[in-house]
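Okay, structure first, notes after.
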Amino acid sequence: MSGADLGHPLQLGIELPVSAADPGAAVRLARRAEELGLDLVVVADGTDDGGALDAWTVLGAVAGATGRVDLATRGLRLDGRPPAVLARAVASLDHLAGGRVTPGLAAGTGGADADDALDALAEGVDVLRGMWAAAEPGPLVHEGRHHRVPGAQRGPAPAHELALWLGATPGSADDGARTLAARVADGWWLPTAGGAEGAQGARARLDAVRREQAALDAALTAAGRDAREVRRGLVLDGASLALDPRAVDATAAPSAPVVDHLAALVLDAGVGTLVLAGADEAALVAFARVGAAVRDRVAAARAARGTRVGTVRSAAVRAARVPGIDYDGIPAALTRTAVEPGDAGYAAVRSTYMRGGRPGLVLRPGDTAEVVEALAYARAQDVPLAIRSGGHGISGRSTNDGGIVLDLSRMSAIEVLDVATRRIRVQPGARWGEVAAALHPYGWALSSGDYGGVGVGGLATAGGIGFLAREHGLTLDHLRAAEVVLADGSVVRASDDENADLFWGVRGAGANLGIVTSFEFEVDEVGDVGFAQLVLDASDTEQFLVDYGATVESAPRDTTAFLIMGPPRGGIVAAQIMAMVDSDDPQTIIERLNPFARIAPLLQQQVQVVPYPAVVSVPQRHTSEGEPVTRSGMAEHLTPELAADAARLVRSGATPFFQIRAAGGAVHDVPADATAYAHRSANFSIVAMGSSRRRIDALWDAMAHHFHGAYLSFETDPRPERLADVFPGPTLERLRELKRRYDPEDVFRHNYSVAEPPAVVP
Amino acid sequence: MTDYGHDLLFGSFITPGNAAPERVVGLAQLSEQAGLDLATFQDHPYQPSFLDTWTLLSYVAARTERITLAPNVANLPLRPPAVLARSVASLDLLSGGRVELGLGSGAFWDAIEAMGGRRLTPGQGVDALREAIAVIRALWDTGERARVDLPGEYWPIAGAKRGPAPAHPVGIWVGAYKPRMLRLTGEHADGWLPSLGYLSSLQDLDDANARIDDAARGAGRDPRAVRRLLNVGGQLSATRTATLLAGPPEQWVEQLAALALEHGMSAFIATGDDPTLLTVLGQEIAPAVREIVAAERGGSAGVAPAALVAGEQA
């Protein structure tokens with residue numbers, strides 16, 4: 001094993017200067033390393049000789065100054081750093097930096113002797129892992145000889161499944177550190193290799209590394225772990241490599257012996273991480289050029305040998321894997337951000353807002369190319385596939401049991417393309433509250449729904465009935481172009497001019513046709529708005545609903561209202577009206593709201609002039625267990641008959657949440673056949689949520705004759721009849737034709753698939 | 001009427017929540033864009049929904065260019081002072097001299113102890129803070145060659161090398177409310193950083209300032225060497241109210257100017273994480289307050305405490 005390639009993805013990096021005499025050097029060099037395509041920057045913890053900057057502080061600053069490179073410490077001692085606090089610091093930086101942190105620790109200088117110091121380090125590692133295990137029940141309790149944690153609240157888990165490295169302690173016999181690493185570490189810094197220049201020096205270095213690797217491999221075997229579970233890093237000094245910093249001529253070939261040597265360290269001595277120390281910019285440039293050649297050489301050799309490239313998770317994590325998924329075959333670009341059931345980060349991604357889930361794998365692509373790879377990979381596994389943008393799906397199942405979730409939350413960019421035409425581009429994982437906040441400084445808004453935590457992807461492909469719907473229409477009515485990844489992996493642009501039929505289908509049934517990876521919207525000018533929350537006594541529920549319906553329909557388009565009712569409490573049926581008036585003039589706002597306030601006795605009221613984002617701010621994450629139970633219906637008017645049935649439904653107590661959204665006004669301006677959202681004559685979108693499907697269905701089925709269709713996003717009745725409600729009339733036929741063309745194998749089947757025969761949803 | 005003659009600073013007090021880290025960083029950047037002088041963050045290392053404050057400050061330093069950054073206030077029980085001193089000096093060097101050290105003795109002892117910190121009584125907390133300040137100043141003082149030997153009860157340090165030195169004279173601002181801590185502030189600190197919400201009245205504010213002044217003089221220091229900062233919570237609203245800092249910008253201007261001219265406060269750090277408030281504070285309120293205060297002082301904008309004590313004139 002010590003002479004073998006461990007198959008770890010090659011990482012090339014530099015150690016950053018931390019001298020207090022040139023404090024700007026670390027950031028300067030880190031940025032340059034990132035520009036030159038290196039993978040990693042390392043900050044080593046020095047001795048406290050007064051001349052070095054604090055390693056953790058430097059790393060934080062470097063994190064803020066970079067965007068892509070991995071950020072590692074090497075040999076960070078726990079002296080003066082309570083481990084529970086350090087754990088949170090590491091997790092914090094990982095969240096700030098976007099999952100780029102690799103902490104490397106070493107034994108401190110306190111303690112009676114080297115063994116004592118290693119014991120302290122071992123305890124420290126236990127504390128760190130315990131603090132990162134955010135999903136473990138109860139506080140972390142650690143009663144050690146060196147560290148005492150009586151009961152710290154755990155979390156947050158780091159942003160990615162990070163690797164904790166240990167390293168050889170300089171100037172010590174080292175078996176202890178190696179033994180500890182074999183037990184607990186994910187990475188190991190081999191003793192630094194200096195040594196002579198030239199071929200002899202290279203050979204000696206290779207031999208020394210092989211011996212070290214053998215010793216670690218033996219220790220890993222003794223600890224019951226696979227050698228590939230631990231990455232190996234080697235710090236090299238430029239002088240001994242004979243890197244020629246004068247060779248800045250880009251056409252000059254990098255020195256062949258250096259390339260041979262570094263490639264040999266990877267291919268024949270198990271080193272996966274090569275780091276240059278003591279570098280200045282010239283040496284960095286030379287190293288980057290050498291590094292490119294080394295990458296090519298290593299990739300070619302690995303391809304020729306058929307080496308499987310990737311990291312290997314611990315036995316405990318592997319034990320939690322589910323059948324049917326080729327975890328070792330996850331595409332390289334997706335491995336770092338993939339989450340599997342044994343990972344510390346699993347609890348945070350398995351469930352959604354409405355549904356509990358136990359997926360076998362969550363893939364989190366960061367761009368369209370990765371979406372294509374993820375989809376191809378997922379299609380090759382014989383398990384369910386769910387697509388997730390914000391994870392708020394009611395009808396859309398964005399999680400599953402034992403399947404794969406393709407989570408788009410990392411693709412959350414919001415860009416302004418053209419100020420004059422108010423054109424923006426948004427990725428599916430952005431949330432509507434973020435979009436609102438991003439648009440506000442321009443004096444713009446895009447009506448979405450009533451909740452800032454909802455993701456862009458799901459809502460914009462289904463409808464989007466928001467607080468400005470009557471004035472500005474549906475969210476999808478603002479879509480001007482989309483980039484779509486199709487089932488076969490092709491990436492197409494859909495607009496009125498390109499793939500117009502796909503563009504038709506994406507607006508209302510996107511979940512049937514592909515994964516939209518980019519949305520171009522034309523947004524609206526919206527300043528501050530009037531937002532009111534009124535609570536009225538709607539105990540005369542039938543009359544209330546009739547009057548409410550009439551009030552909404554006769555309101556000017558600048559006013560959109562949502563109504564929420566629940567079961568009677570204390571003898572009263574309370575109705576909460578949330579209304580938005582697209583005006584910042586208090587007089588206008590009051591005029592618009594007065595008719596609502598007069599419908600029934602007013603119990604509470606709050607009216608404010610607010611910026612639009614204040615109404616759709618992004619809340620804290622929330623997840624559920626179980627399945628949502630809902631029914632949806634689109635109604636043209638709140639007739640007395642509908643009102644009577646609705647009143648009966650509300651008073652039955654079967655629906656703790658009963659909402660009527662205004663869905664008319666400008667929504668009517670778009671013809672029913674212009675998009676796959678066909679409910680263009682409805683003035684109201686009605687939804688009932690409850691806990692008993694049987695009870696709700698019994699009442700709702702009896703009301704069905706009042707409705708012309710159902711809003712896809714809010715319907716969860718699994719009976720096949722619902723399909724014709726969600727896609728009424730000619731819409732369904734046209735969608736089926738598109739489905740046969742764009743998704744003939746019904747890959748995208750988890751949100752009212754129109755495929756025939758109907759998909760069996762597991 | 002107390003006016004120490006300090007220049008005025010305005011800042012933000014940002015909650016370091018970890019649910020949306022970019023939003024937290026964004027508030028610091030917005031503070032800078034709004035022209036505020038300070039962006040500060042609470043420090044509760046035991047709070048699982050918070051980012052680690054020191055890590056956040058380091059990251060934000062690289063994402064800002066001009067604004068001064070400070071913990072508000074660093075939790076001493078969970079941040080041993082030797083590492084803290086080196087970290088502060090390092091960040092001051094990395095940021096080009098933009099760090100100040102808000103420091104507190106800790107208050108939530110159950111939570112501190114649960115994380116592995118040592119539980120202290122309030123009295124012990126004062127002593128521990130005094131020792132820590134001595135450790136920090138000694139480590140920063142690279143003008144001295146001798147190693148640092150401070151055999152304390154809470155933060156003993158033996159044979160430590162000094163350095164690095166910060167890029168500029170970093171101020172140690174102490175959160176304090178009770179007499180012993182206020183005395184410590186006057187004797188040893190460069191600033192007093194309480195939250196208005198924990199003071200019952202402006203009379204409390206005046207009494208505390210007086211204690212600090214007395215303690216400073218008792219220790220042979222000019223009271224003007226201690227800046228008086230204030231974390232303030234408030235709202236902007238359309239109509240004036242009788243409540244402090246609950247009203248339109250004009251009311252804020254009057255009340256902050258009074259706090260400066262009559263109560264000696266020279267830094268106002270707004271809580272609430274509200275981008276609109278911070279923008280109005282930096283762009284409208286701060287300039288107007290400075291104008292009023294300068295006019296009252298006969299044209300002087302005031303100077304920083306260290307400069308005052310060194311005898312410079314505005």
Side-chain angles (χ1 to χ4, degrees), chain A residues 18-21 23-24 26-27 47-66 79-86 88-93 95-97 127 131 134 139-140 142 147-156 159 434 437 609 611 618-621, chain B residues 16-26 45-64 75 77-96 111 113-117 139 142 160-165 167 238 275-276:
Chain A
V18 293
S19 163
V27 165
T47 56
D48 296 324
D49 66 354
L53 300 170
D54 171 69
W56 186 253
T57 305
V58 172
L59 196 71
V62 167
T66 55
D79 303 329
R81 299 181 198 278
V85 177
L86 179 63
R88 195 158 280 147
V90 170
S92 297
L93 189 60
H95 281 279
L96 282 161
V127 171
M131 287 295 286
L140 171 65
H142 176 93
H147 298 293
R148 252 196 92 234
V149 180
Q153 293 198 65
R154 302 176 197 262
E434 293 160 3
V609 177
V618 183
Q620 284 273 56
R621 231 186 103 77
Chain B
N18 59 35
E22 269 307 301
R23 190 161 180 273
V24 176
V25 174
Y46 36 75
Q47 176 51 260
S49 67
F50 280 3
L51 297 163
D52 173 73
T53 295
W54 191 256
T55 306
L56 174 61
L57 281 163
S58 306
Y59 185 91
V60 168
R63 297 283 299 272
T64 52
N75 186 286
L78 291 171
R79 299 192 187 279
V83 171
L84 181 60
R86 293 188 192 111
S87 302
V88 170
S90 298
L91 192 59
D92 199 47
L93 288 161
L94 285 159
S95 66
E113 190 178 46
M115 287 281 280
L139 288 171
T142 52
K161 282 200 163 175
R162 296 172 193 263
T276 307

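Below, chain A is the first sequence line, B the second, and so on; all start at residue 1.
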Tell me, for B:Arg162 versus chain A, whether the close heavy atoms (under 4.5 Å) come from the side chain, the backbone, both or neither. backbone
Inter-residue atom distance A:Leu86.CG - A:Trp56.CH2, 0.5 Å rounding: 6.5 Å
Most chain A-contacting option - heavy-atom pairs closer than 4.5 Å, from B:Thr64, B:Thr276, B:Val88, B:Leu78: B:Leu78
Which heavy atom in B:Leu94 sits nearest to a heavy atom in A:Pro23, and how many Å separate them? CD2-O, 3.3 Å
Would you check, one step at a time, whether the test salt bridge (Lys or Arg N to Asp or Glu O under 4.0 Å) holds for B:Glu22 with B:Arg63? CA-CA 11 Å; B:Glu22 269 307 301; B:Arg63 297 283 299 272; 3.4 Å; yes
Where on A:Ala52 is there a heavy atom nearer than 4.5 Å to chain B: the side chain, the backbone, both, or neither? backbone
Mind ranking B:Val24, B:Val83, B:Leu84 by heavy-atom pairs under 4.5 Å with chain A and telling me who comes out on top? B:Val83
Let me know if A:Arg88 has heavy atoms under 4.5 Å from chain B in its side chain, its backbone, both or neither. both
In terms of heavy-atom proximity below 4.5 Å to chain B, should A:Val58 be classed as side chain, backbone, both, or neither? both
Option that, when pairs with chain B are counted at under 4.5 Å, heavy atom only, ranks first among A:Asp79, A:Asp48, A:Leu93: A:Asp48
Can you tell me which of B:Ala165, B:Ser90, B:Ala238, B:Pro81 forms the most heavy-atom pairs within a distance under 4.5 Å of chain A? B:Ser90
Among B:Ser58, B:Gly117, B:Ala82, who wins on heavy-atom pairs under 4.5 Å with chain A? B:Ser58
Under 4.5 Å to a heavy atom of chain A? For B:Leu56 that would be both
Which residue out of A:Pro611, A:Ala61, A:Ala97, A:Ala20 racks up the most heavy-atom pairs below 4.5 Å with chain B? A:Ala61
Are B:Tyr46 and B:Asn75 side-chain neighbours, meaning at least one heavy-atom pair lies under 4.5 Å? yes
Heavy-atom closest pair, residues B:Pro164 and B:Thr142: C-CG2, 4.3 Å
Greatest number of non-hydrogen atom pairs under 4.5 angstrom with chain B, of A:Ala89, A:Ala65, A:Ala91, falls to A:Ala89
In terms of heavy-atom contacts, A:Ala152 and A:Met131 come closest through CB-SD, 3.7 Å
Counting heavy-atom pairs under 4.5 angstrom with chain A, the leader among B:Ala62, B:Pro16, B:Ser95 is B:Ala62
Working for side-chain hydrogen bond (donor to acceptor under 3.5 Å, both in side chains), residues B:Asp52 and A:Ser92: CA-CA 6 Å; B:Asp52 173 73; A:Ser92 297; 5.8 Å; no
Main-chain N/O of B:Leu51 paired with B:Thr55 side-chain donor or acceptor, under 3.5 Å: no
Heavy-atom distance under 4.5 Å to chain B: side chain of A:His147, backbone, both or neither? neither
What one should report as the nearest heavy-atom pair of A:Ala134 and A:Arg154 is CA-CB, 4.2 Å
Which bit of B:Arg79 comes within less than 4.5 Å of chain A, counting heavy atoms only: side chain, backbone, both or neither? side chain
Which distance, rounded to the nearest 0.5 Å, do you find between the OG of B:Ser49 and the CD of A:Gln153? 8.5 Å
